[in-house]
Colleague: 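For reference, the structure I am asking about is given below.
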Protein chains: 2
Amino acid sequence: MPNRRKASKKDLIIQKASSMFREKGFPATSMRDLAESVGIEAASLYNHIQSKSEILQEIIFRSANECNVHFDHVVSSPMPVIRRIEALIRFHVHMMLNRFDDYYVMVNEWHHLEEPYLTTFITQRRTYVQRLEAIIQEGVRSKELRPVMPYVAMLTILSSVRGLEFWHRSNKRISPAELEDNMVNHLIYGLKKN
Amino acid sequence: MPNRRKASKKDLIIQKASSMFREKGFPATSMRDLAESVGIEAASLYNHIQSKSEILQEIIFRSANECNVHFDHVVSSPMPVIRRIEALIRFHVHMMLNRFDDYYVMVNEWHHLEEPYLTTFITQRRTYVQRLEAIIQEGVRSKELRPVMPYVAMLTILSSVRGLEFWHRSNKRISPAELEDNMVNHLIYGLKKN
DNA sequence: CCTACCGATCGGTAGG
DNA sequence: CCTACCGATCGGTAGG
């Protein structure tokens, strides 16, 4: 049997937890609240998961893995620097739009991870941002980009995407496609030579 | 006697609370932790403050007021649209760099406000972003700016600044001035016609 | 998957 | 500003 997993109760618990961690934050979400949204008693949760912390770990490292897998894909594709950066921005916008709960929890609640997971996450994140910086650096050196500081451009790009939180909270008069294209253009135009 | 207030014990409590709310989040910060960092017993805090919630309110609405006051100042100054936007970006970068605890708590912990403060904050924030959108809209109409969607440009600008959180956590090899200029340029170049 | 329950900790109060 | 303490709620376990 290939990777075709069916959604287990554990998956349901994690999905509901992701939504609640996003809405109320990790510390403010109680296992009793979570149990109620799943439709069982709090004690019964522990037949499917080990602890509250384990749920947070699963949410965060699943999302982090998706980011890393996509990054590898971009690196292995033959594209000019500006296209690589565009592909990475679009990916993060997609995560924020389509995988909102999980991605938001990773970005906003990671500091509630316990050791050794906290250190692992911080290390992974540092590696990720350094790889992105290296791509920007390459573009600056080859003069495809304006002479920006790669570190600052990386911060600007990665944090911009967090603003899409407010689109989710809004009445959504703007389409996801418009949102994506406008944000990508703003950030890319800010890097390109003209 | 003019506005020259001396730093009271209440100010000290709020300052320490702001730092702890930023580090650990509002729900994960206990009044006992806070009392210890101030150097008194938990019960003694209540001679200076009414409740944990009140502290959060003070931190957030102080910062929000600063943002509104600065915005009024920018609106009343005769400057081209692009300079107004630049002044607003620089202000938010300064808040993130120099008033890190308070500003971070406002941006990241506002959803822990209780009613009616929560509604008040959300309303104030909506007004603020709509005023910023209106400035961008004006620039698009007058063709000073590229034909961006003001809503998306506003989200991109305001959320970019949040990335400076990672500069605070870093070894700070980049100076605040370089950080500010690079972020401003990235965001402004993305709006300007060339 | 439930009932019943544990020790720990929470925000906050009484009284001095 | 402290000691002593309150009821509520927390994450989690025992036992079936």
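Residue numbers start from 1 in every chain, and the chains themselves are labelled A, B, ... in the order their sequence lines are given, proteins ahead of strands. Just so you know, these numbers use all the heavy atoms, side chains as well, and skip hydrogens, waters and symmetry mates.
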Colleague: Starting at NZ of B:K24 and ending at P of C:dT9, how long is that distance when rounded to a whole Å?
Modeller: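 In whole Å, C:dT9 P lies 12 Å from B:K24 NZ.
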Colleague: Counting C-beta onward and ignoring hydrogens, is there a side-chain heavy-atom pair between A:V38 and A:L12 closer than 4.5 Å?
Modeller: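 With C-beta onward as the side chain, the pair touches.
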Colleague: Less than 6.0 angstrom separating the ring centers of A:Y189 and B:Y189, yes or no?
Modeller: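 Not under 6.0 Å, so no.
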Colleague: Could you state the atom-to-atom distance from OH of A:Y46 to C1' of C:dT3 in whole Å?
Modeller: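 Spelled out: OH on A:Y46 to C1' on C:dT3 is 16 Å.
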Colleague: Using a 6.0 Å cut-off, check whether atom NZ of B:K143 has over 12 heavy atoms from anything other than its own residue.
Modeller: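 Result for NZ/B:K143: open.
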Colleague: Pick the closest DNA chain C nucleotide for B:Q50 and for B:N47 by heavy atoms, then say which residue is nearer the 5' end.
Modeller: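 Counting from the 5' end, the first nearest nucleotide belongs to B:Q50.
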Colleague: Paired with D:dC10: which nucleotide, if any, by Watson-Crick or G-U wobble criteria at under 3.5 Å for both distances?
Modeller: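 Across any shown strand, D:dC10 pairs with C:dG7.
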Colleague: I'd like to know whether NE2 of B:H73 has more than 12 heavy-atom contacts from other residues, nucleotides or ligands below 6.0 angstrom.
Modeller: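 No, not enclosed.
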Colleague: Go through residues 29-41 of chain B and report each residue with a non-hydrogen atom lying under 4.0 Å from DNA chain D, sorted by number.
Modeller: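 Here the set is B:I40, B:E41.
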Colleague: Can you list everything that forms a salt bridge (Lys or Arg N to Asp or Glu O under 4.0 Å) with A:E36? Sequence neighbours excluded, please.
Modeller: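 If we apply the salt bridge (Lys or Arg N to Asp or Glu O under 4.0 Å) test to A:E36, skipping adjacent residues, there are no hits.
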Colleague: Please state how far atom CG in A:L45 lies from atom P in D:dT13, giving the value in whole angstrom units.
Modeller: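 Distance check: A:L45 CG to D:dT13 P gives 12 Å.
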Colleague: To the nearest angstrom, how far is A:E54 atom CD from D:dG12 atom P?
Modeller: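 Interatomic distance, CD of A:E54 to P of D:dG12: 10 Å.
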Colleague: Can you name the closest pair of heavy atoms from A:A87 and A:M79 and give their distance?
Modeller: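 Taking every non-hydrogen atom into account, CB-CE, 4.4 Å.
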Colleague: Measure from CD1 on A:I55 to C1' on D:dG12 and round the result to the nearest Å.
Modeller: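 Between C1' of D:dG12 and CD1 of A:I55: 12 Å.
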Colleague: Identify, between B:H48 and A:P27, the residue whose nearest nucleotide on DNA chain D lies closer to the 5' end.
Modeller: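 Of the two residues, B:H48 wins.
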Colleague: Near A:R173 CZ, under 6.0 Å, is it more than 12 heavy atoms from other residues, nucleotides or ligands?
Modeller: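 No, the 6.0 Å shell around CZ holds no more than 12 heavy atoms from other groups.
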Colleague: Between D:dC1, D:dG11, C:dA4, which nucleotide gets closest to the side-chain atoms of A:K52?
Modeller: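 Between D:dC1, D:dG11, C:dA4, the one nearest the side chain of A:K52 would be D:dG11.
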Colleague: Taking the minimum atom-to-atom distance to the side chain of A:A43, which one of D:dC2, D:dT13, D:dC1 wins?
Modeller: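 Closest nucleotide to the A:A43 side chain: D:dT13.
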Colleague: Could you tell me the Watson-Crick or G-U partner of D:dC2, where both distances fall under 3.5 Å? Say none if there is no partner.
Modeller: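 Pairing partner, where one exists within any strand: C:dG15.
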